[in-house]
Number of protein chains: 2
Amino acid sequence: MNKEDQVIEGFRELYNKLAWLNKSKMEIALKGHKPSEVHCIEYIGKHADANVTKLAERFYMTRSAISKIAKKLMEKGLIESYQRPENKKEIYFKLTEQGEAVSRIHEELHNAFRERDKAVFEQVTEAQYDSMLRFVERYSSHLEAEIKKHGVERSAETDD
Amino acid sequence: MNKEDQVIEGFRELYNKLAWLNKSKMEIALKGHKPSEVHCIEYIGKHADANVTKLAERFYMTRSAISKIAKKLMEKGLIESYQRPENKKEIYFKLTEQGEAVSRIHEELHNAFRERDKAVFEQVTEAQYDSMLRFVERYSSHLEAEIKKHGVERSAETDD
DNA sequence: CGATCTTTGTTGACGAGGAAACAAAATCGC
DNA sequence: GCGATTTTGTTTCCTCGTCAACAAAGATCG
């Protein structure tokens, strides 16, 4: 296997491990709330006027899925919806006090993960950070361009 | 946001984009086969005596899920199972000729992805590869250790 | 050897998310 | 302004993967 594949495979593996491990911890600390629910809470907490469409785009999920999650979060009393008088179509979300509490727990957990992995990151030099960030940035915008292209293809093949 | 979080967030974002984009392409090229089915085919093709348990560990999935995927792959005639006379419990899998064909298509697609992203990787120096691989390796084994620890915790809380 | 525990694989019920069809509001084109 | 199209959100149906319970075959230990 060449280095290119090693990097991709390595990061994929790393990502899976990290997701799996953190998910387990999350489940314990945020019992009763699904990971995707917590993600939505976090986004809503950080972005004013979040709505179903924005959340869907952010998490690469369908509006359908987000709609259901939002419904559940409202039933739990973690978020509430509001509208603007000038727009009766879009429905925005904001956190309730209870939602803020969950958000804070999540933030603390995030810090705990950082603390847990501190030893690894302490060994990373500034130059390495910059190198990796440049790589991520370059690869990401490359894929973004491909997704745009692909989007065009998709709309041209709606009837296949 | 500090560089540590930027790197993690950046790679998460990158990973999501890559997965989303490749999944779309896969769906077109390997119509009729789900991503997880293709993953299993690939593993079975590359590892002699693959069984449900090994596949589950490899993909961080439950034996239950793999069992169902294997069942489907057998119904499709892409894999076949065999046993050893000295062990009547374990069930191993191998690809059929048809399964090999799917595996080859997948391999070609993999090459196509590499070709698509070549421009990005051409700009990466040997030193950068090594730096990233060291990072992945270090982080990965750190998490591996944490998972082991966590595994111990888990078996101690089976009755919660 | 025989009883108990562990490992391996399967099944059924369930929950999460996607696809498609839909309603309602906004926007565009004239 | 008015019809056609687009955008936004919801609901229904379906598939995938998990969890729990289970059966069957090893492994362990007296």
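Basis for what follows: all heavy atoms, side chains included, without hydrogens, waters or symmetry-related copies. Order of the sequence lines fixes the chain letters, A, B, ..., with proteins taken first and strands second; residue numbering starts at 1 for each chain. Values in this document were obtained by computation on a predicted structure and should not be read as measured data.
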Practice item. Please list, by residue number, the residues of residues 71-81 of chain B whose heavy atoms come closer than 4.0 Å to an atom of DNA chain D; answer none if no residue qualifies. Key: B:Lys72

Study note, to complete from the structure: Per the under-4.0 Å heavy-atom filter, residues of residues 43-59 of chain A near DNA chain D come out as A:Asn51, A:Val52, A:Thr53

Point to revise | Pair B:Glu90, B:Tyr92: side-chain N/O donor-acceptor within cut-off below 3.5 Å | key: yes

Give one of base, sugar-phosphate or nothing for [X], where a contact means two heavy atoms less than 4.0 Å apart.
X       : result
B:Ala65 : base
B:Lys68 : base
B:Tyr60 : sugar-phosphate
A:Ile66 : nothing

Rounded to whole angstroms, how far apart are [atom1] on [X] and [atom2] on [N]?
X       : N      : atom1 : atom2 : result
A:Ile69 : D:dT10 : CD1   : P     : 12 Å
A:Met61 : D:dG9  : CE    : P     : 15 Å
A:Glu86 : C:dA25 : CD    : C1'   : 14 Å
B:Tyr82 : C:dG9  : OH    : P     : 12 Å
B:His33 : D:dT15 : NE2   : C1'   : 17 Å
B:Lys88 : C:dG9  : NZ    : P     : 16 Å
B:Arg84 : C:dT8  : CZ    : C1'   : 15 Å

Practice item. Nearest 0.5 Å please: distance from the CD atom of B:Glu4 over to the CD atom of A:Glu122. Key: 9.0 Å

Check your understanding: When rounded to the nearest 0.5 angstrom, what distance separates CE in B:Met74 from CD in B:Glu80?
Key -> 8.5 Å

Review point. Between B:Tyr139 and A:Phe121, is the gap from one ring center to the other below 6.0 Å?
Key: yes

Practice item. Would you state whether a donor and an acceptor, one from the side chain of B:Ser64 and one from the base of C:dT11, lie under 3.5 Å apart? Key: yes

Exercise for review: Kindly indicate whether the side chain of B:Lys89 and the base of C:dT6 share any N or O donor-acceptor pair separated by less than 3.5 Å?
Suggested key: no

**Study point:** Verify same cluster id: B:Tyr60, A:Met26 (apolar side-chain graph, 4.5 Å)
**Key:** no

Review point. Do the side-chain N or O atoms of B:Lys34 get closer than 4.0 angstrom to the phosphate oxygens (OP1, OP2) of D:dC16?
Key: yes

Check your understanding: Would you say B:Asn87 reaches D:dA25's phosphate, i.e. side-chain N/O to OP1/OP2 under 4.0 Å?
Key -> no

Practice item. State whether the side chain of B:His47 and the backbone N or O of B:Tyr43 hold a donor-acceptor pair below 3.5 Å, judged by distance alone. Key: yes

Study note, to complete from the structure: Checking D:dT8, C:dG9, D:dG17 against the side chain of A:Arg63 (C-beta onward), the nearest is D:dT8

Study note, to complete from the structure: 5'-most contact on DNA chain C (nearest-nucleotide basis), B:Ser67 vs A:Thr62, goes to B:Ser67

**Study point:** B:Glu75 and B:Lys71 ion-paired at < 4.0 Å
**Key:** no

Point to revise | Check ion pair B:Arg114-B:Glu108 (N to O, under 4.0 angstrom) | key: no

Exercise for review: May I have the step-by-step check of salt bridge (Lys or Arg N to Asp or Glu O under 4.0 Å) for A:Lys54 and A:Asp49, ending in yes or no?
Suggested key: CA-CA 9 Å; A:Lys54 283 183 205 155; A:Asp49 301 341; 5.8 Å; no

Check your understanding: Is the B:Phe11 ring parallel, tilted or perpendicular to the A:Phe11 ring (thresholds 30°, 60°)?
Key -> parallel

